[in-house]
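Input: a single structure, listed below in structure tokens.
None of the values given here were measured: they were computed from a predicted structure. Within every chain, numbering begins at 1; the chains are lettered A, B, ... in the order of the sequence lines, protein sequences first and strands thereafter.
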Amino acid sequence: MHTQIETNSIPPLRERSETRSGAVVAGAFAGSGVAAVAIGFFHVLAEAFPAVKSFLTLHTGIGPYSGKVLLGYVSGALVAVLFPVFVRQVSESPWPWVKVMLVGLVLGTLMVFAPVTHWLAEVLK
Amino acid sequence: MQPEWWALLHGFLATVFLMSFSGSFVELIATNLPSLRRLKIGLSVMAVSSWAILATGTYAYIFYRAPVAESARSRILAGPAPWVHSVLMELKEFTGAFVPVIALLAVLLVFSWNNRLITEARLRRVLGVVMWAAMLWTLLAYGLGAFITKTASI
């Protein structure tokens with residue numbers, strides 16, 4: 001009886017492996033979108049606050065671009081790595097995560113488009 | 001190596017990226033075991049070339065934005081169309097930085113889904129969307145790069 005209850009509570013190995021794989025894939029999609037938004041966000045912050053621009057200048061030759069891109073990638077990588085750790089159950093369909101990535105890419109692109117960047121920087125100041 | 005050579009390598013690698021996209025997309029349309037193997041190679045070439053494009057482009061960018069009167073940025077800002085730097089170059093340098101992430105995602109997907117790509121059309125469609133996203137953002141950076149280079153080369 002005891003053995004029966006334990007067997008029922010544990011999903012089959014293949015199912016567990018697919019759930020884990022689904023969470024890894026969802027995390028990668030979310031991380032890609034977050035990386036783009038984070039790069040855009042750091043770009044806007046650097047435009048709004050000279051101190052942030054100076055902080056993001058990790059390489060004098062490259063300028064603040066170095067910090068914006070590096071920290072943007074780190075943000076995306078953190079989301080991609082931590083997502084499967086905290087989220088175990090994900091939808092079977094990858095389409096919601098594709099939308100997350102595409103929305104992130106479009107938002108990130110808008111945030112690095114100078115007229116939008118300057119408007120957002122003015123709002124933040 | 002001279003800055004011009006870095007810029008040339010940067011553009012050449014972008015062409016490699018676009019070619020590997022074409023090859024990979026053809027393999028995605030009718031996927032079987034041999035084509036899945038070629039798809040993995042094609043997407044890996046896309047990812048490696050996109051990171052190499054970013055590295056060479058970032059190195060060439062040092063010469064582009066050098067704080068001297070002869071640098072391309074200084075010449076553009078002093079010329080009749082400073083918006084080429086303040087709008088187009090800003091857009092180009094960041095949209096180009098998005099592409100390696102999307103290309104890396106495509107590699108993760110093809111190795112993660114593996115044989116399921118042969119049997120499940122919906123996964124092939126998702127991978128196709130990711131590949132097209134990488135392609136569109138590359139074309140944006142590629143086109144802007146060509147226009148900026150025409151205005152003032154490094």
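- Between B:Y61 atom OH and A:I62 atom CD1 the span is 9.0 Å, to the nearest 0.5 Å.
- Linking ILVMFWY residues whenever their side-chain heavy atoms come closer than 4.5 Å, directly or via other members, leaves B:M19 and B:L39 in distinct clusters.
- Contact annotation for A:Y73: only side-chain heavy atoms (C-beta onward) come within less than 4.5 Å of a heavy atom of chain B.
- Following chains of ILVMFWY side-chain contacts shorter than 4.5 Å, one can reach A:I39 starting from A:L110, so the two form part of one hydrophobic cluster.
- Using a 4.5 Å cut-off between heavy atoms, A:V69 touches chain B through its side chain atoms alone.
- Every salt bridge (charged side-chain N to carboxylate O under 4.0 Å, His left out) that A:E122 has, sequence neighbours left out, goes to A:K125.
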Anything under 3.5 Å between a donor and an acceptor, one on a side chain of residues 94-105 of chain A, the other on a protein residue two or more places apart or in another chain? List them.
none

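- Inspection of non-hydrogen atoms places B:I62, B:R65 of residues 62-75 of chain B under 4.5 Å from chain A.
- Side-chain atoms of A:S21 and B:W113 include no donor-acceptor pair closer than 3.5 Å.
- Counting heavy-atom pairs under 4.5 Å between each of A:A28, A:G33, A:A36 and chain B puts A:A36 at the top.
- Taking a 6.0 Å sphere around CZ of B:R37, one finds it holds 12 or fewer heavy atoms contributed by other residues, nucleotides or ligands.
- Taking hydrophobic clusters as Ile, Leu, Val, Met, Phe, Trp and Tyr residues chained together by side-chain heavy-atom distances below 4.5 Å, B:L139 shares a cluster with B:V99.
- Proximity to chain B (any heavy atom under 4.5 Å) is shown, for A:V106, by both the backbone and the side chain.
- Cluster annotation: A:V74 and A:V34 are assigned to distinct hydrophobic clusters (Ile/Leu/Val/Met/Phe/Trp/Tyr, side-chain heavy-atom contacts under 4.5 Å, transitive).
- Annotation: maximal heavy-atom pairing with chain B below 4.5 Å, among A:G76, A:A35, A:G63, occurs at A:G63.
- Of all the listed residues (B:L123, B:L140, B:I102, B:V126), the one sharing the greatest number of non-hydrogen pairs under 4.5 Å with chain A is B:V126.
- Annotation: residues 77-97 of chain B contacts chain A through B:S86, B:V87, B:E90, B:L91, B:E93, B:F94, B:T95, B:A97 [non-hydrogen atoms, separation under 4.5 Å].
- Hydrophobic clustering keeps A:V81 apart from A:V87 (ILVMFWY residues linked when any side-chain heavy atoms are closer than 4.5 Å, directly or through intermediates).
- Of all the heavy atoms in B:L109 and A:F29, the pair that sits closest is CD1-CZ, 3.6 Å.
- The local environment of CZ in B:F12 is sparse, with at most 12 non-hydrogen atoms from other residues, nucleotides or ligands closer than 6.0 Å.
- Using a 4.5 Å cut-off between heavy atoms, A:T117 makes no contact with chain B at all.
- For B:V129, the part lying near chain A is the side chain, with the backbone staying farther off; criterion is any non-hydrogen pair under 4.5 Å.
- A side-chain contact (heavy atoms from CB on, under 4.5 Å) with A:S32 is found for exactly one of B:L104, B:V130, B:L105, namely B:L105.
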